Protein chains: 2
Amino acid sequence: MHTHHENIRDILHQRGLKSTPLREKLLQVLKKNHGPMSVEEIGKKLKGLEFDQASLFRTLKKLSESGVLSQINLGEGFTRYEFTCLTHDHHHHVMCTECKKIMVMPFCIPPKFETWLKNKGFTNIGHRLDFSATCPECR
Amino acid sequence: MHTHHENIRDILHQRGLKSTPLREKLLQVLKKNHGPMSVEEIGKKLKGLEFDQASLFRTLKKLSESGVLSQINLGEGFTRYEFTCLTHDHHHHVMCTECKKIMVMPFCIPPKFETWLKNKGFTNIGHRLDFSATCPECR
DNA sequence: GTCTGTGCAAACGCTTTGCAGCCCT
DNA sequence: AGGGCTGCAAAGCGTTTGCACAGAC
């Protein structure tokens with residue numbers, strides 16, 4: 001399911017979701033943006049469109065549950081949302097402690113972690129990894 | 001600084017903090033407990049002692065800033081606190097998605113991650129890694 | 001026409017803050 | 001005696017919820 005090639009109406013309809021102005025514009029914004037965005041950032045990019053904050057939260061939640069978006073928690077006290085693009089599927093983030101810019105970290109953890117957990121009887125294993133650092137520009 | 005060998009009054013005084021009933025009992029609770037505790041869990045263990053929720057939050061924050069406690073964020077929407085024990089310093093956590101039990105994961109990520117960041121000009125590099133899984137008991 | 005999504009308003013949970021008074025050192 | 005710590009009350013922020021209406025299919 002190459003969601004990044006399809007148009008937004010199809011992405012929604014394929015999952016049994018209705019296509020509305022808020023949803024379409026919201027997905028456009030998130031599709032265009034590189035890193036994971038906060039609700040505040042998304043809201044600002046939606047200017048020109050009238051919408052309610054509650055609807056925005058509801059929409060983001062529903063689209064995350066449908067797999068169109070991914071929820072990202074970088075320990076900031078709020079959730080970020082990222083367009084789920086299956087070709088660049090699994091990745092991690094680096095956030096600058098100064099300017100808060102977010103970059104993508106292209107590696108993932110070695111398999112021994114999950115093997116260790118499997119051997120102990122764990123299933124449905126998932127993980128979260130992110131880095132904080134001072135970026136070259138802020139140094 | 002082998003904080004786990006010293007008594008709690010000394011830990012506080014060494015850092016220029018006053019010793020009070022709340023702080024002492026709170027540190028006893030966190031020192032005894034294995035995993036990182038939520039504020040609610042800590043509060044329940046403090047029964048017998050009268051205290052205000054705001055003081056509890058303030059105390060936890062101050063002790064974290066002083067390095068006596070570590071703040072742990074497992075993406076639950078609230079912060080957990082752990083007694084910082086320098087001998088078992090750096091570690092990660094596994095939380096069961098069902099029963100929410102937290103275990104310690106004894107490995108850490110390979111150095112290539114931080115090397116990659118250093119080569120790109122990043123400094124002050126830190127990371128956060130945690131796992132979620134169904135534990136053997138809940139399977 | 002049906003059912004889903006929206007706007008509005010109110011409430012939620014976790015956490016912080018201002019201020020007066022207490023108590024540790 | 002002095003300043004740090006506390007209790008109380010109020011507010012903050014991100015997020016959720018109930019309800020009636022509008023709009024997508």
Side-chain angles (χ1 to χ4, degrees), chain A residues 7-30 36-66 68-82 100, chain B residues 7-29 36-44 46-66 68-82 100:
Chain A
N7 76 54
I8 284 169
R9 299 180 81 89
D10 290 345
I11 293 174
L12 290 167
H13 292 160
Q14 276 169 18
R15 323 213 176 207
L17 301 170
K18 288 182 180 172
S19 183
T20 71
L22 177 57
R23 291 184 175 177
E24 290 179 28
K25 184 136 193 185
L26 188 155
L27 285 179
Q28 278 168 25
V29 165
L30 279 161
M37 297 176 80
S38 67
V39 176
E40 192 188 358
E41 287 167 353
I42 295 166
K44 280 181 185 157
K45 291 278 186 186
L46 290 177
K47 60 173 181 279
L49 181 65
E50 295 214 351
F51 65 95
D52 188 86
Q53 203 71 359
S55 305
L56 183 50
F57 276 104
R58 263 187 297 227
T59 300
L60 290 167
K61 191 177 189 182
K62 173 144 282 191
L63 293 175
S64 302
E65 287 162 359
S66 308
V68 184
L69 303 179
S70 311
Q71 300 192 163
I72 311 282
N73 181 320
L74 297 180
E76 302 164 284
F78 53 84
T79 304
R80 289 178 176 271
Y81 296 86
E82 195 173 54
K100 311 301 178 193
Chain B
N7 76 55
I8 284 169
R9 299 180 82 90
D10 290 345
I11 294 174
L12 291 166
H13 292 161
Q14 275 169 18
R15 323 213 174 207
L17 300 169
K18 287 183 180 170
S19 183
T20 70
L22 177 57
R23 292 183 174 176
E24 290 179 29
K25 184 135 192 186
L26 189 154
L27 284 179
Q28 278 169 25
V29 165
M37 298 176 79
S38 67
V39 176
E40 193 188 358
E41 286 167 352
I42 295 166
K44 279 181 186 158
L46 289 177
K47 59 174 182 280
L49 182 64
E50 295 213 353
F51 66 94
D52 188 86
Q53 203 72 358
S55 305
L56 182 50
F57 276 103
R58 263 187 298 229
T59 300
L60 290 166
K61 191 177 190 183
K62 173 143 282 193
L63 293 175
S64 302
E65 287 163 359
S66 308
V68 185
L69 303 179
S70 311
Q71 300 192 162
I72 312 283
N73 182 321
L74 297 179
E76 302 163 285
F78 53 84
T79 303
R80 288 178 176 272
Y81 297 86
E82 194 174 55
K100 312 301 178 194

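These numbers come from a predicted model, not from an experiment. Order of the sequence lines sets the chain letters (A, B, ...), proteins ahead of strands, with each chain counted from 1.
Near DNA chain C, meaning a heavy atom under 4.0 Å from it, residues 41-52 of chain A has E50(A), F51(A), D52(A) in order of number.
Applying the salt bridge (Lys or Arg N to Asp or Glu O under 4.0 Å) rule to K18(B) yields no partners; only residues at least two apart in sequence or on another chain are considered. For R80(A), the salt bridge (Lys or Arg N to Asp or Glu O under 4.0 Å) test picks out E41(A), E76(A), with sequence neighbours left out. Residues forming a side chain to side chain donor-acceptor pair (under 3.5 Å) with S38(B) (at least two apart in sequence, or on another chain): none. Residues satisfying the side chain to side chain donor-acceptor pair (under 3.5 Å) criterion with S66(A), sequence neighbours excluded, are absent altogether. Residues satisfying the side chain to side chain donor-acceptor pair (under 3.5 Å) criterion with D10(A), sequence neighbours excluded, are N7(A).
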Output a table of nitrogen or oxygen pairs between the protein and nucleotides 12-14 of chain C separated by less than 3.5 Å.
none

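For the pair D10(B) CG and dC24(C) P, the computed distance is 17 Å after rounding to whole Å. If you take NZ of K61(A) and C1' of dG5(C), they are 15 Å apart, rounded to a whole angstrom. Residue L63(B) contributes atom CG, which lies 14 Å from atom C1' of dT6(D) at whole-angstrom precision. Computed from coordinates, the K62(B) NZ to dC24(C) C1' distance equals 14 Å when rounded to whole Å. Atom pair R80(A):CZ and dG14(D):C1' shows a separation of 13 Å (rounding to whole Å applied). Between the CG atom of N73(B) and the C1' atom of dT15(C) there is a distance of 13 Å, given to the nearest Å. Across the protein-nucleic acid pair, L56(A) atom CG and dG7(C) atom P stand 10 Å apart, rounded to whole Å. Separating the CG atom of L22(B) from the P atom of dG4(D) is a distance of 18 Å, rounded to the nearest angstrom.
Here the shortest heavy-atom pairing between G75(B) and N73(A) reads CA-ND2, 3.4 Å.
Pairs engaging residues 19-29 of chain B under the side chain to side chain donor-acceptor pair (under 3.5 Å) rule: R9(B)-E24(B), S19(B)-E24(B) [sequence neighbours left out]. Under the salt bridge (charged side-chain N to carboxylate O under 4.0 Å, His left out) criterion, the residue pairs touching residues 44-57 of chain A are E40(A)-K44(A), with sequence neighbours excluded.
For the pair S55(A) and Q53(B), nearest-nucleotide mapping onto DNA chain C gives the more 5' position to S55(A).
Within the 4.5 Å cutoff, side-chain heavy atoms of L49(B) are placed close to those of L22(B).
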Verdict with supporting geometry, L27(A) and L69(A), side-chain contact (heavy atoms from CB on, under 4.5 Å): CA-CA 9 Å; L27(A) 285 179; L69(A) 303 179; 3.8 Å; yes

CA sep, side-chain torsions, deciding dist, call: V68(B), L12(B), side-chain contact (heavy atoms from CB on, under 4.5 Å): CA-CA 8 Å; V68(B) 185; L12(B) 291 166; 5.6 Å; no

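Y81(A) OH to L30(A) CG: the interatomic distance, rounded to the nearest 0.5 Å, is 10.0 Å.
Proximity note for V39(B) (side chain, C-beta onward) versus dT6(D), dT6(C), dT15(C): the nearest is dT15(C).
Comparing the local axis fitted to the first five base pairs of the helix from dG1(C)-dC25(D) to dT25(C)-dA1(D) with the one fitted to its last five gives a bend of 30°, rounded to 10°.
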B/S/- contact track for nucleotides 18-25 of chain D, protein heavy atom under 4.0 Å: BB---BBS

Throw together a table of side-chain donor-acceptor distances under 3.5 angstrom for residues 55-63 of chain A, partners on residues two or more places apart or in other chains.
residue : atom : partner : partner atom : Å
T59(A)  : OG1  : S55(A)  : O            : 2.7

